[in-house]
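Below you'll find the structure, written out as structure tokens, and then a few comments.
What's counted below: heavy atoms across the whole structure, side chains too, no hydrogens, waters or symmetry copies. In what follows, chains carry the letters A, B, and so on, assigned in the order in which the sequence lines appear, proteins first and then strands, with residues in each chain numbered from 1.
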Amino acid sequence: MPEGHTLRRLADGIAERFAGHVVAVSSPQGRFAGSAAVLDGTLLIGAESWGKHLFIAFEGDRFVHVHLGLYGSFNLADGPADGPAPPPVGQVRLRIASGGESPSYADLRGATACDLLTDAQRRAVLDRLGPDPLRPDADWTRAWDRVRRSKVAIGALLMDQEVLAGVGNVYRAELLFRHRLHPLRPGNTLRRGQFQAMWLDLVALMVEGVRTGRIDTVRHEHEPGEMGRPPRKDDHGGEVYVYRRTGQDCHVCGSRVRTDVLVGRNLFWCPRCQPRFRSRAEAKPALRR
DNA sequence: CCAGAATGTCCAA
DNA sequence: TGGACCTTCTGGT
């Protein structure tokens, strides 16, 4: 489900199957029917993601903007769209289908946004987004400039798509754990090198997420096999330190993982590995300033 | 079987 | 700050 790595995989999968093809576009559910009719039988040029946003480019300055929200899905499959029975689960808002030698189709369900935009409108969406760790041209200092000047909790800043685009609740929880940061630490108490290290780590984690389609964040020595615990079975399928592990033992120190709600979203952290207040060693450089 | 929760965002008060 | 959106999965009856 959808954090930035999911959208990147979708963009890649759509481009791979449909770029350069004249495609059939429809809206079985009906809510995108007018726009689908405009696009039907036109050339699909490519697809890209930025953060959790997906843009599918068609000829004639037309872009389908998709945001999956909390529970949207975009299922890509090979084979004819009306072939032997992919069961019609849910309501298909948008279907893209190609014919020819190797037919494929893509079904969109439950998305928060599915709109037909011009390039100017697409750029207006992008202008409101911070750097995406998955984009090679991303400038992490733009995110840092927001973080360093803000008293807002780092746990909230990481989820703010204007600060940094693509992080959701899982990457937030896990990145804070891996860097021993309490979610409520104000952004302006972080150090530059610390934030840079977080960014680089996030890039590596998300690149791995694109490769595998899961969010795995535990280091080798904390993997189930190494620690003799059963592998995690969960929606996102990956091995994590704290996300949705409330009340369970921290893999590193054994403390009970805690939870709370911040800006309407669930927080998870280890009270011992992620202390609320800065340690003396950490506080020193700030005092010298 | 049904209530509730979920990796997200927007809008109204 | 709380509800709407609209879909799937889980856990408790």
Side-chain angles (χ1 to χ4, degrees), chain A residues 1-11 27-33 49-55 65-76 86-95 106-115 117 121 124-130 132-134 152-153 155-178 183 202 205-218 232-248 257 259-269:
Chain A
M1 295 219 178
E3 296 196 25
H5 68 304
T6 304
L7 280 295
R8 171 53 55 86
R9 284 172 65 86
L10 286 174
S27 177
Q29 175 218 45
R31 282 181 55 181
F32 194 63
S49 67
W50 189 304
K52 299 170 194 168
H53 296 255
L54 171 66
F55 298 93
H65 171 224
V66 171
H67 195 296
L68 294 179
L70 191 52
Y71 43 70
S73 67
F74 213 157
N75 293 308
L76 313 187
V89 186
Q91 304 232 320
V92 177
R93 174 110 36 103
L94 163 66
R95 169 172 283 178
D107 283 351
L108 176 70
R109 295 178 173 84
T112 285
C114 177
D115 307 299
L117 304 184
Q121 292 171 318
V125 173
L126 293 179
D127 283 347
R128 282 187 266 110
L129 296 176
D132 175 349
L134 286 174
V152 170
L157 290 166
L158 288 175
M159 296 277 281
D160 184 340
Q161 304 297 301
E162 296 185 18
V163 172
L164 175 161
V167 169
N169 214 0
V170 185
Y171 280 123
R172 164 176 75 170
E174 296 300 303
L175 189 68
L176 290 172
F177 178 91
R178 286 169 61 95
L202 181 58
L205 289 174
M206 292 184 76
V207 165
E208 182 67 3
V210 172
R211 192 177 71 79
T212 63
R214 337 182 329 162
I215 301 181
D216 287 291
T217 61
V218 302
R232 181 186 176 87
K233 178 90 173 67
D234 205 341
D235 293 2
H236 65 282
E239 288 296 328
V240 294
Y241 284 109
V242 291
Y243 176 71
R244 282 227 243 175
R245 293 196 63 248
T246 307
Q248 299 178 50
V257 172
T259 187
D260 202 348
V261 174
L262 175 68
V263 215
R265 309 300 307 281
N266 295 323
L267 275 182
F268 305 91
W269 77 98

Closest listed nucleotide, where the reference is the side chain of A/Gln29 and the choices are B/dT9, C/dT7, B/dT7
C/dT7
Keeping the roles fixed (side chain from A/Arg265, backbone from A/Val261), state whether a donor-acceptor pair exists under 3.5 Å.
no
Using whole Å, report how far CZ of A/Arg265 lies from C1' of B/dA5.
12 Å
A/Arg178: which of A/Val242, A/Thr217, A/Val218 passes side-chain contact (heavy atoms from CB on, under 4.5 Å)
A/Thr217
Verify, without hydrogens or angle tests, whether A/Thr259 (side chain) and A/Leu267 (backbone) share a donor-acceptor contact under 3.5 angstrom.
yes
Which nucleotide, B/dG8, C/dT8, B/dA6, lies nearest any side-chain atom of A/Met159?
B/dG8
Take atom CD of A/Gln91 and atom C1' of C/dT7, then tell me their distance rounded to the nearest Å.
10 Å
Separation of A/Phe74 atom CZ from C/dT7 atom C1', in whole Å?
16 Å
How many Å lie between CG on A/Leu262 and C1' on C/dG2, as a whole number?
16 Å
Rounded to whole angstrom, note down the C1' distance from C/dT1 over to B/dT7.
22 Å
Return no unless some side-chain N or O of A/Tyr171 is found under 4.0 Å from OP1 or OP2 of B/dT7.
no
Does a side-chain N or O of A/Lys52 approach OP1 or OP2 of B/dT7 to a distance below 4.0 Å, or not?
no
Nearest-Å distance, CG (A/Leu70) to P (B/dG4)?
17 Å
Hey, can you tell me if A/His67 and A/His53 have their rings parallel, tilted or perpendicular (30° and 60° cut-offs)?
perpendicular
Rounded to the Å, how far apart are A/Leu7 CG and B/dT7 C1'?
11 Å
B/dA6 P sits how many Å from A/Asn169 CG, rounded?
9 Å
Heavy atoms from C-beta onward define the side chain here; which of C/dT7, B/dT9, B/dA6 lies closest to that of A/Tyr243?
B/dA6
B/dA6 phosphate, OP1 or OP2: any side-chain N/O from A/Arg244 under 4.0 angstrom?
no
In whole angstrom, what separates A/Leu68's CG from B/dG8's P?
11 Å
Aromatic rings A/Tyr171 and A/His5: how do their planes relate, parallel, tilted or perpendicular, breaks at 30° and 60°?
perpendicular
For B/dT7, does OP1 or OP2 lie under 4.0 Å from any side-chain N or O of A/Asn266?
yes
